[in-house]
Colleague: 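My structure is below; once you've seen it, I'll send some questions.
On a predicted model such as this, the values are computed, not experimentally measured, just so you know. Just so we're on the same page: letters track the sequence lines, and every chain starts at 1. Keep in mind that the numbers below use all heavy atoms, side chains included, and drop hydrogens, waters and symmetry copies.
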There are 2 protein chains.
Amino acid sequence: MCERCNYAEMLEGHGVDPTPLRQAVLRSIGEESRPLAAVEIIAAVRDQMSINKVTLYRILDLLVDRGLVKRLSAGDRAFRYGMGETRHHPEHPHFVCSQCGVMECLEPDLLPAGIRKFQIKGKRIIKHVDVRFEGICESCLKARM
Amino acid sequence: MCERCNYAEMLEGHGVDPTPLRQAVLRSIGEESRPLAAVEIIAAVRDQMSINKVTLYRILDLLVDRGLVKRLSAGDRAFRYGMGETRHHPEHPHFVCSQCGVMECLEPDLLPAGIRKFQIKGKRIIKHVDVRFEGICESCLKARM
DNA sequence: TTGGGCTTGCAACTCAGTTGCATACACATT
DNA sequence: AATGTGTATGCAACTGAGTTGCAAGCCCAA
Ligand SMILES: [Mn+2]
Ligand SMILES: [Mn+2]
Ligand SMILES: [Zn+2]
Ligand SMILES: [Zn+2]
């Protein structure tokens with residue numbers, strides 16, 4: 001998210017006790033520009049303190065449940081975790097590199113305008129739309145030459 | 001796909017030996033109107049003949065590789081497998097019920113027009129776009145009342 | 001008839017995440 | 001102070017979906 005975010009305040013604002021581990025998990029996600037896999041989050045947290053992987057997954061569940069974090073599907077078997085939507089961080093599509101698997105955030109204006117208007121279609125309730133671009137990322141492109 | 005599809009011919013046309021198991025896997029996928037999880041495909045095939053799960057996954061890999069089948073992400077941990085694109089079966093978005101997990105195919109015209117035009121963006125190569133609507137399906141809606 | 005490649009099966013494995021249960025700590029009640 | 005109650009974390013074992021290694025069966029070619 002941003003360097004001046006107060007993660008403890010964000011947690012408290014969502015009714016979550018801001019324990020050191022929860023702050024560290026949220027900070028690790030917030031300080032990256034792209035959504036991270038659990039294995040990346042655990043590595044980042046462990047640079048500063050010790051954490052068990054079950055605790056990490058429980059914290060992630062809690063943060064996703066409270067809307068602080070968004071669980072994203074990258075098209076492989078591991079979820080990615082990125083910051084939830086706020087006014088400073090609007091909904092946006094993502095890009096996944098089919099070679100190295102990295103997920104990147106794209107500009108919100110790449111979300112096709114009006115994608116929200118398909119709200120009722122054949123008696124379903126549509127809650128949200130997930131748009132994922134797939135291809136080859138810049139760094140994999142460079143490595144090919 | 002359709003009842004009059006000749007699955008053996010489709011396999012041969014893509015350079016794949018049309019063994020009974022491969023035909024049964026492709027037929028199981030083609031006869032459904034929605035993409036299936038591997039566990040559903042194996043159940044469908046086993047209604048007619050015996051198959052080992054490793055064989056199923058190897059056949060799925062092969063069919064995906066040849067473009068006969070498309071591997072889709074439903075936002076959970078199990079892939080779904082649906083028929084690949086042809087002239088009779090154009091690209092289309094999907095819907096996933098966040099309650100029961102079922103994936104359904106939506107009309108191709110729900111794909112936002114012009115979504116293909118984001119072909120070059122920030123030095124990435126974009127190969128395709130995956131649009132997935134999430135919400136509550138008709139049958140889960142009924143069951144709520 | 002022998003040999004190679006393709007197809008399938010079985011056992012064991014991997015990876016990402018989950019469950020069960022125990023321990024530790026905080027804070028409230030007596 | 002002693003006790004209880006809930007919350008946070010850890011550890012071991014488990015699960016589900018898919019993968020790997022290797023062996024066996026089959027087909028056709030030399
Ligand atoms: Mn993002
Ligand atoms: Mn479909
Ligand atoms: Zn890449
Ligand atoms: Zn449903």
Side-chain angles (χ1 to χ4, degrees), chain A residues 7-8 11-12 14-26 28-29 35-46 48-66 68-82 96 100-103, chain B residues 7-8 11-12 14-26 28-29 35-46 48-66 68-82 96 100-103:
Chain A
Y7 297 106
L11 289 163
E12 281 175 330
H14 285 74
V16 175
D17 188 13
T19 67
L21 287 178
R22 286 168 180 171
Q23 290 184 49
V25 170
L26 188 57
S28 299
I29 294 171
L36 299 178
V39 64
E40 298 173 298
I41 300 171
I42 211 169
V45 171
R46 282 182 173 159
Q48 298 159 291
M49 61 194 81
S50 155
I51 187 174
N52 181 272
K53 74 167 181 169
V54 178
T55 305
L56 170 65
Y57 283 116
R58 284 198 280 234
I59 291 175
L60 290 173
D61 282 350
L62 178 69
L63 301 184
V64 168
D65 187 69
R66 293 302 204 278
L68 281 160
V69 163
K70 207 166 177 184
R71 177 181 281 122
L72 300 161
S73 162
D76 58 19
R77 315 206 63 250
F79 293 118
R80 304 297 194 279
Y81 301 89
V96 174
C100 69
V102 75
M103 177 179 261
Chain B
Y7 297 106
L11 289 163
E12 280 176 331
H14 284 74
V16 175
D17 188 14
T19 67
L21 286 178
R22 287 169 180 170
Q23 291 184 48
V25 169
L26 188 57
S28 299
I29 294 171
L36 299 178
V39 65
E40 298 173 298
I41 300 172
I42 211 169
V45 172
R46 283 181 173 160
Q48 298 159 291
M49 61 194 80
S50 156
I51 186 174
N52 181 271
K53 73 167 181 167
V54 178
T55 305
L56 170 64
Y57 283 116
R58 285 198 281 234
I59 290 175
L60 289 173
D61 282 349
L62 178 70
L63 301 183
V64 168
D65 186 69
R66 293 302 205 275
L68 280 161
V69 163
K70 207 167 176 182
R71 176 181 281 123
L72 299 161
S73 162
D76 59 18
R77 317 208 60 250
F79 293 117
R80 304 297 194 281
Y81 301 88
V96 174
C100 69
V102 76
M103 178 178 260

Colleague: How many whole angstroms separate atom CG of B:Leu62 from atom P of C:dT7?
Modeller: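 Result: 8 Å.
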
Colleague: Mind calculating the distance between CG (B:Leu63) and P (C:dT7) to the nearest angstrom?
Modeller: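 To the nearest whole Å, that distance equals 12 Å.
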
Colleague: Where do B:Tyr57 and B:Ala38 come nearest, in terms of heavy atoms and distance?
Modeller: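 Here B:Tyr57 and B:Ala38 meet closest at OH-CB, 3.5 Å.
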
Colleague: Please name the pair of heavy atoms, one in A:Arg80 and one in A:Ala74, separated by the smallest distance, quoted to 0.1 Å.
Modeller: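 Closest approach of A:Arg80 to A:Ala74, heavy atoms only: NH1-CB, 3.5 Å.
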
Colleague: For B:Glu40 and D:dG18, give me the distance from atom CD to atom C1', rounded to whole Å.
Modeller: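 Whole-Å distance recorded here is 16 Å.
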
Colleague: Between A:Val54 and B:Arg22, name the one whose nearest nucleotide on DNA chain C is closer to the 5' end.
Modeller: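 With A:Val54 and B:Arg22 compared, the 5'-side residue is B:Arg22.
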
Colleague: Strictly below 4.0 Å: does A:Thr19 bring a side-chain N or O up to OP1 or OP2 of D:dT7?
Modeller: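 So the side-chain polar atoms of A:Thr19 never come under 4.0 Å of the phosphate oxygens OP1 or OP2 of D:dT7.
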
Colleague: From NZ of B:Lys53 over to C1' of C:dT14, roughly how many Å is that when rounded to an integer?
Modeller: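 Distance check: B:Lys53 NZ to C:dT14 C1' gives 11 Å.
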
Colleague: Do A:Arg58 side-chain and D:dG10 base share a donor-acceptor contact under 3.5 Å?
Modeller: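 It does, because a donor-acceptor pair links the side chain of A:Arg58 to the base of D:dG10 below 3.5 Å.
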
Colleague: Could you please name the option among D:dA12, C:dG17, D:dG10 that lies closest to any side-chain atom of A:Ile51?
Modeller: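 Of the candidates, D:dG10 comes closest.
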
Colleague: What is the distance, rounded to the nearest whole Å, between atom CG of A:Leu60 and atom P of C:dG17?
Modeller: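 Value for this atom pair: 8 Å.
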
Colleague: So which of A:Leu36, A:Leu60, A:Leu63 actually passes side chain to side chain contact (heavy atoms under 4.5 Å, CB included) with A:Tyr81?
Modeller: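 Exactly one pass, corresponding to A:Leu60.
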
Colleague: D:dG10 phosphate, OP1 or OP2: any side-chain N/O from A:Thr55 under 4.0 angstrom?
Modeller: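 Looking at the OP1 and OP2 atoms of D:dG10, one of them is under 4.0 Å from a side-chain N or O of A:Thr55.
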
Colleague: What is the distance from CD of A:Gln23 to C1' of D:dT9, rounded to the nearest Å?
Modeller: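 Atom CD in A:Gln23 sits about 16 Å away from atom C1' in D:dT9.
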
Colleague: So does B:Tyr81 get a side-chain nitrogen or oxygen closer than 4.0 Å to the phosphate oxygens (OP1/OP2) of D:dG18?
Modeller: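 Yes, such a contact exists.
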
Colleague: Within less than 4.0 Å of OP1 or OP2 of D:dT19, is there a side-chain N or O belonging to B:Tyr57?
Modeller: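 The answer is no; no side-chain N or O of B:Tyr57 sits under 4.0 Å from OP1 or OP2.
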
Colleague: Measure the distance from CG on B:Leu56 to P on D:dT20 and round it to the nearest whole Å.
Modeller: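 These atoms are roughly 15 Å apart.
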
Colleague: Starting the side chain at C-beta, find the nucleotide from C:dC10, D:dT19, C:dG17 nearest to B:Asn52.
Modeller: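 Nearest nucleotide to the side chain: C:dC10.
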
Colleague: Could you tell me which non-hydrogen atom of B:Asn52 sits nearest to which non-hydrogen atom of B:Val54, and how far apart they are?
Modeller: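 What the structure gives for the nearest pair is OD1-N, 2.8 Å.
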
Colleague: Check each of B:Thr55, B:Leu68, B:Leu62 against B:Arg22 using the side chain to side chain contact (heavy atoms under 4.5 Å, CB included) test, and report the only one that passes.
Modeller: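 In the set B:Thr55, B:Leu68, B:Leu62, the residue that makes a side chain to side chain contact (heavy atoms under 4.5 Å, CB included) with B:Arg22 is B:Leu62.
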
Colleague: Taking the side chain of A:Arg77 as its heavy atoms from C-beta onward, which of C:dC15, C:dG9, C:dG17 lies nearest to it?
Modeller: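 The closest nucleotide is C:dC15.
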
Colleague: When you get a sec, tell me which of D:dT9, C:dT7, C:dG17 is the closest nucleotide to the side chain of B:Asp17?
Modeller: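 Of the candidates, C:dT7 comes closest.
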
Colleague: For B:Leu36 and D:dA17, give me the distance from atom CG to atom C1', rounded to whole Å.
Modeller: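 That distance rounds to 16 Å.
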
Colleague: Name the closest nucleotide to the B:Asp61 side chain, picking from D:dT19, D:dT9, C:dT18.
Modeller: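 So the nucleotide nearest the side chain must be D:dT19.
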
